[in-house]
2 protein chains.
Amino acid sequence: MVTYELSDTDVDRIFQALADATRRDIVSRTLTDELSVTALAGRYDMSFAAVQKHVAVLERATLVVKRRRGREQMVQANPEAVRRAARLLDAYEKIWHDRAERIGDLLSDTTKGTEQ
Amino acid sequence: MVTYELSDTDVDRIFQALADATRRDIVSRTLTDELSVTALAGRYDMSFAAVQKHVAVLERATLVVKRRRGREQMVQANPEAVRRAARLLDAYEKIWHDRAERIGDLLSDTTKGTEQ
DNA sequence: TTCATATGTAACCATTTGGTTGTACGTTAG
DNA sequence: CTAACGTACAACCAAATGGTTACATATGAA
């Protein structure tokens, strides 16, 4: 598995992009269907320009990609980016799990004299 | 496993809180060590008030909890919240995976006449 | 009690965000 | 070719964000 190096700014952009319900919905929809910006705009109670901006935020965060089809721009989620975000959080979980395990060891392991 | 229902606003707050490198670092550190706000503030090149605000943002998002110890407030990450965030992203991955599987089935399954 | 420490909060500021409307431009349909 | 459509972008606005300094409050030490 190839894991790309994400800068702090990259990660900022990913979580920032996910911190809005409309944008999460766009990701959700475009995971299964490739939708034009106009088609997406029709689904939300806001201007086309607003939706277009949301798509741009997602694009900057690499959470979606756009592909030209005639005069339309088809939006599709990038599952790899979603995956990377999930793995980032997994890493936090792992830190915690390792610590919990260490504490467990300290509490149960009474044979060795490594405690201070 | 108990899964709490998260509102859009809850999720907004979680991802918003994670969209800042300082706050991610605070989560990371307090997963292993319980640290006072002052101890945390000492580690970043910004005012105490700024760090205190970051902790407040994390607290509102339930990503950390505070516990009083004498005159200090000890900050500790809440692994359950991190976990919930990770599972949210897993759900997106699952949507994509299911769709990929459906497409795979359509392409490979030539024996049944279920295609439209 | 008094003082120092740890925290919280208010007021302020610059920048970003999330929305708007209007306009310009590229592409396709007729 | 021309008109309609789909998209992009600029200018604007209100609200939120991320930082500051200053002050207020709570707790522990002596």
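Quick note on labels: first sequence line is chain A, next is B, and so on, each numbered from 1.
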Could you say whether Ala49(A) or Asp20(A) is positioned toward the 5' end of DNA chain C, judged by the nucleotide with the nearest heavy atom to each? Asp20(A)
Nearest whole angstrom, please: distance from the P of dC13(D) to the NZ of Lys53(A). 13 Å
Residue among Val82(B), Thr30(B), Leu31(B) satisfying side-chain contact (heavy atoms from CB on, under 4.5 Å) with Trp96(A): Leu31(B)
Looking at Leu35(B), is its backbone amide N or carbonyl O close enough to the side chain of Asp33(B) to form a donor-acceptor pair, meaning the two atoms are under 3.5 Å apart? no
CD on Gln16(B) to CD1 on Ile14(B), rounded to 0.5 Å: 12.0 Å
From CZ of Phe48(A) across to C1' of dT23(C) the rounded distance in Å is 14 Å
Expressed as a whole number of angstroms, how long is the span from Arg71(A):CZ to dG30(C):C1'? 11 Å
Salt bridge (charged side-chain N to carboxylate O under 4.0 Å, His left out) partner of Glu34(B), chosen from Arg68(B), Arg67(B), Lys66(B): Arg67(B)
Nearest-Å distance for atom pair CZ/P, residues Arg13(B) and dT17(D): 10 Å
Is any side-chain nitrogen or oxygen of His54(B) closer than 4.0 Å to OP1 or OP2 of dG19(D)? yes
Give the rounded distance in Å between these two atoms: CE of Met46(B) and C1' of dT20(D). 12 Å
Atom CG of Leu35(B) to atom P of dA6(C): distance rounded to whole Å? 14 Å
Side-chain N or O of Lys66(A) versus OP1/OP2 of dA8(D): is the shortest distance under 4.0 Å? yes
Give a yes/no on whether any side-chain N or O of Ser36(B) is located under 4.0 angstrom from OP1 or OP2 of dA6(C). no
Could you tell me how far apart Tyr44(B) (OH) and dG18(D) (P) are, to the nearest whole angstrom? 15 Å
Under 4.0 Å between a side-chain N or O of Gln73(A) and OP1 or OP2 of dT7(D)? no
dA8(D) OP1/OP2 closer than 4.0 Å to side-chain N/O of Gln52(A): yes
With sugar-phosphate meaning primed atoms plus P, OP1 and OP2, does Arg23(B) contact a base, only sugar-phosphate, or nothing at under 4.0 Å between heavy atoms? sugar-phosphate
Comparing Met74(B) and Gln16(A) on DNA chain C - which has the more 5′ nearest nucleotide: Met74(B)
Rounded to whole angstroms, how far apart are CG on Leu40(B) and P on dG8(C)? 12 Å
Would you please confirm or rule out a distance under 4.0 Å between OP1 or OP2 of dT20(C) and any side-chain N or O of Ser47(A)? yes
Mind checking Glu72(B) for me? I need base, sugar-phosphate or nothing, with any heavy atom below 4.0 Å counting as a touch. sugar-phosphate
Within the 4.5 Å heavy-atom criterion, are Arg13(B) and Thr62(B) side-chain neighbours or not? no
